[in-house]
Amino acid sequence: MYWLAINREPLTIQNLQADFVCGTSFKETLNAIASLQRRSLVEKVENSLTQQPVVMEFVTDHLIEQACEEISSQTPKSLKTYALVKAQTQDYIQDIQIRLILQPIAERLIEQFSSLELIAAQLTKILVDQQQQPRREINYIAGNLLNLFRQLKIDITGYDFSGLTIWQANLQDMPLHQVNFADSDLTQSTFTETLGNILSANFSPDGLLLATCDTDCNVRLWEVKTGKLLAICQGHTNWVRTVVFSPDSTVLASAGADCRIRFWNVEDGACLRTCTGHTNEIFSIAFSPDGQHLASSSGDSTLRLWELDTAYCLQTFEGHSSWVRSVAFSPDGQTLASGSDDKTIRLWNCTTGKCLKVLTDHTSWTRVAFSPNGQILASSSGDQTVKLWQVETGECLRTLIGHRGSIYSVAFHPTTPAILASGSGDNTIKLWDWERGESIKTLQGHTNQVVSVAFSPNGGTLVCVSLDQTVRLWDWRTGHCLKTWYGHTDWALPIAFSDDGQFLASGSSDKSIKIWQGSTDTCVRVLQGHKDFIYTVAFQPGASRVLASGSTDQTVRLWDLESGQCFQILQGHTDWVFTLAFSPDGRTLVTGSADNTIKLWDLPTGQCINTLTGHREKIFGVAVSPEGRMIASASSDKTIKLWDRQTGECLKTLVGHGNRVYSVDFVRSSSSAFEGLLLLASGSTDKTIKLWNAETGECLNTFRGHSNWVFSVAFSPDGQRLISGSHDQTARVWSVETGKCQQVLMGHEHLVSAVAFHPQGELMATGSQDQTVRWWQVETGRCLQVLRADRLYEGLNISGATGLTEAQKLTLRALGAVD
């Protein structure tokens, strides 16, 4: 009876018995069920069992009372036999279990014991008693205790759960610092994953596996039924943007910003072969229906057709004038469709490479998908529409309008072609009956842009990928979220020094800002308030106790470091805020956003006093000249623009980089070669740094040496040196005068995303996706200090623990676990 109330929905006898920890035979279970049915306490629904609502409510209340009594009296019985929450059940069921069972127990305990300290002591006594038992029996008590600790937000640093059965514990986002899980059984528990921004996901054609790829350069294989991480495929050296299974589910292909396609053995995760040939990042790949060929689309404006067995390029398709974002095979394998940043869709003959049609109704970039019968093509776009095209004629049959953001992905239902799913920058997924032109359902729950959607082979489940570091499986008919994989990567993305050098601020994707004391490893304050990743921080000049931060929650916040409070929120951008910079007098704040605009804010009033438009794509970097007259902006459109701060006029557009420009910095030079010149440095994903005369727009030098994207550049206070941070896991120090690399700073284990000179010029700091900030001595290049806040599972002991795959252990170690 308890198990039926806990599971909330009809359950087969086999699934019901799988929950039992006692050795009850199948015959005994059948007899008990028959007895309950005769008394109308259990009813049958098709081949499953459930309870009438009034019975379920009564049993649930009794379970809550029983659990509270057992905790109070230190005599756990039902706590051993039943899981109050099932961590591996469907998400919407777990939410109900928390709301109707776990939370009421937590509330009653608070009422009874009056403080969390007394509750913690009571629960700890039960745990200690379990640890002292001579024979460790299989039961649910350790999982129940952990779920209660999590619900009550009780700190369990240093707790000992060694040797226990830890089943159905939801340990996602729960700090487990120095907790002992040695020799424990973790088979049915769930943990946080080290997911960066996931960019794509796809089901295997047999429906058993799910593959994801991300900005951590990894491809991951998951078991759909249990949600377990089975393998991590490593080998890419930059963002992996796309992943797809072969038709027979035996081979996985992936591609991304390192311009390579890799084929993986699904069985063991081994790399089978690599295709090279594209000269810019690869955005999309697709297997031919017979599995013999693979098509790819790239930022080099081409598509390529590859032979799977030999990795040989059979055909190059040319015609697009900009990045090709998407490629898809028709079901008969005869036609390719491609969507591009040039706002067009092209249909190609796979054999001849000839362009058959060009579709031109969209007003922004496009992505494409064929219907199951190949007669219809769907396209999604940055213009916030989905269009349906007749493949044979090229006629636009219908335009679907309803999203309030760019539409990054579109997918047809595999067996009901009239059903279409779309994922958008407005954080939602829409299901459409495109033949009727109606939105039939909107799925909500993601807190950031939805960049990838795909149906399972049977069409019952929809996988959606969001830049909120989650992957969600949905029952699209009911709107229920079935499963969520949560990521937790504490990127040390932005760093900034206070004017006096006493503080260093570092932002993070865990939505917090850490304030470090000088060059020590002391974190003196953690600022919390942003609702999403923090991409940029800067101290106000002349006010070392005021900090500004920009976030993917589209806001800018101003913080008082003395109190740790946010005293002003600047709202106006309609997309992520990637960058900000103060004017030298500290009265104006300049911000740049993925909405392609730069905004100027008057800080005394908090009002936006100007919006600068002109860039065609995202703004990744801004800087204000030392005299405050000029603003520089760096954009994904490969250009740098120079603006008059007072009038907002665009003075010059600097062209020369071959890819996205991520960072800019000004200095008034004092070197002999450039004495008195206003210099500008820029870093780009073309792997170079350029030095510009900001007054004439002339490119004075190009610094080469990094082997991957350059994310950040900063001048030394005296203008003699320049430091750069790169995806190649190094920072480099350059002579501004000669352009020669003076030092290569090595030690980070992931991309270096931010660099800064100390105001006194003798020290440098670098921030990395390896979750550390490093201090370096300028003259010697020696690393003086490594700053790292405790990771989520810092010191968690998993030695001898069972129920974990090797891939899961690798993930736990990355979050601080030891074995």
Side-chain angles (χ1 to χ4, degrees), residues 1-24 29 32 42 48-51 56-57 59-71 75-109 123 126-127 129-130 133 136-152 154 156 159 161 163-172 174 176 181 184-191 225-228 482-484 801-804:
M1 291 291 285
Y2 279 158
W3 276 120
L4 289 174
I6 291 167
N7 282 286
R8 311 307 298 178
E9 285 194 340
L11 204 65
T12 65
I13 296 175
Q14 290 79 7
N15 288 337
L16 178 64
Q17 194 165 30
D19 286 331
F20 297 166
V21 291
C22 55
T24 306
T29 301
V42 169
S48 299
L49 302 168
T50 189
Q51 298 164 329
M56 187 176 290
E57 183 179 352
V59 174
T60 300
D61 287 343
H62 193 271
L63 175 62
I64 292 169
E65 290 176 7
Q66 185 73 18
C68 291
E69 170 59 30
E70 291 177 8
I71 292 170
T75 55
K77 290 184 62 179
S78 60
L79 286 172
K80 292 182 178 181
T81 310
Y82 306 100
L84 302 175
V85 171
K86 294 180 69 174
Q88 290 193 338
T89 193
Q90 296 163 330
D91 277 15
Y92 73 97
I93 295 294
Q94 186 179 156
D95 290 343
I96 295 173
Q97 292 167 343
I98 291 172
R99 179 167 51 86
L100 297 183
I101 301 174
L102 196 65
Q103 182 59 27
I105 292 173
E107 290 171 354
R108 292 193 189 189
L109 291 177
L123 297 178
I126 297 175
L127 174 62
D129 181 67
Q130 293 303 302
Q133 296 299 318
R136 303 292 174 85
E137 59 183 330
I138 296 174
N139 59 47
Y140 288 103
I141 192 163
N144 283 330
L145 291 175
L146 280 162
N147 285 330
L148 279 167
F149 284 132
R150 183 176 187 268
Q151 188 68 20
L152 290 160
I154 292 174
I156 62 168
Y159 274 51
F161 289 84
L164 298 179
T165 303
I166 304 175
W167 283 1
Q168 301 297 353
N170 182 357
L171 304 171
Q172 294 178 335
M174 182 180 182
L176 297 173
F181 280 173
S184 57
D185 179 1
L186 299 164
T187 305
Q188 298 179 23
S189 292
T190 58
F191 294 87
K225 183 178 180 180
T226 64
K228 275 200 170 184
L482 306 176
K483 173 70 182 173
T484 304
T802 60
L804 298 172

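Just the heavy atoms: all of them, side chains too, but no hydrogens, waters or symmetry mates, feed the values below.
The line from CD of Gln88 to OG1 of Thr190 is 7.0 Å long, rounded to the nearest 0.5 Å. Atom CD in Gln66 sits 7.5 Å away from atom NZ in Lys77 (nearest 0.5 Å). Here the straight-line distance linking atom CG of Asn139 with atom OG of Ser78 works out to 11.5 Å at 0.5 Å rounding. Interatomic distance, Met1 CE to His62 NE2, rounded to the nearest 0.5 Å: 10.5 Å. Taken to the nearest 0.5 Å, the OG1 atom of Thr89 stands 10.5 Å off from the CG atom of Asp95. Interatomic distance, CD1 of Ile96 versus CD1 of Ile6, reported as 13.5 Å (0.5 Å rounding).
Formation of a donor-acceptor pair under 3.5 Å by the Asn7 side chain with backbone atoms of Glu9 is not found in this model. At distances below 3.5 Å, at least one donor-acceptor pair connects side-chain atoms of Lys228 with backbone N or O atoms of Gly803. For Asn147 (side chain) and Gln168 (main-chain N/O), a donor-acceptor pair under 3.5 Å exists by modelled atom type. Distance alone, capped at 3.5 Å, places no donor-acceptor pair between the Ser184 side chain and the Ile166 backbone. Distance alone, capped at 3.5 Å, places no donor-acceptor pair between the Gln151 side chain and the Ala106 backbone.
When side chains are defined from C-beta on, Thr60 does not count as touching Gln51, because their heavy atoms never get closer than 4.5 Å. Between Lys86 and Gln188 the shortest side-chain heavy-atom distance does not fall below 4.5 Å. At a threshold of 4.5 Å between non-hydrogen side-chain atoms, the residues Ile126 and Leu145 count as touching. In this structure, Leu482 and Tyr92 have side chains that are in contact, with non-hydrogen atoms separated by less than 4.5 Å. The shortest side-chain heavy-atom distance between Met56 and Leu4 does not fall under the 4.5 Å cut-off. Between Leu164 and Ile141 there is no side-chain heavy-atom pair separated by less than 4.5 Å. Under the 4.5 Å side-chain criterion, counting only non-hydrogen atoms from C-beta, Asp185 is not in contact with Ile138. Looking only at side-chain heavy atoms (C-beta outward), Lys80 and Glu70 stay at 4.5 Å or farther from each other.
Pairing each heavy atom of Leu16 with each of Leu49, the nearest pair is CD2-CD1, 4.4 Å. Considering every non-hydrogen atom in both Arg99 and Gln103, the closest pair reads O-CB, 4.1 Å. The shortest heavy-atom contact between Ile64 and Leu100 is CD1-O, 3.3 Å. Taking all atoms of both residues into account, the shortest heavy-atom contact from Phe191 to Leu804 is CE1-CD2, 4.0 Å. Taking each heavy atom of Ile156 and Phe161 in turn, the nearest pair found is CD1-CE1, 4.4 Å. Nearest heavy-atom pair across Pro10 and Ser48 is CB-CB, 3.6 Å.
Residues passing the side-chain hydrogen bond (donor to acceptor under 3.5 Å, both in side chains) test with Thr12 are Asn15, sequence neighbours excluded. The ring pair (Phe, Tyr, Trp, His ring centres under 6.0 Å) search around Tyr82 returns Tyr2, Trp3, not counting sequence neighbours.
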Step by step, would you call Arg150 with Leu102 a side-chain contact (heavy atoms from CB on, under 4.5 Å)?
CA-CA 10 Å; Arg150 183 176 187 268; Leu102 196 65; over 6 Å; no

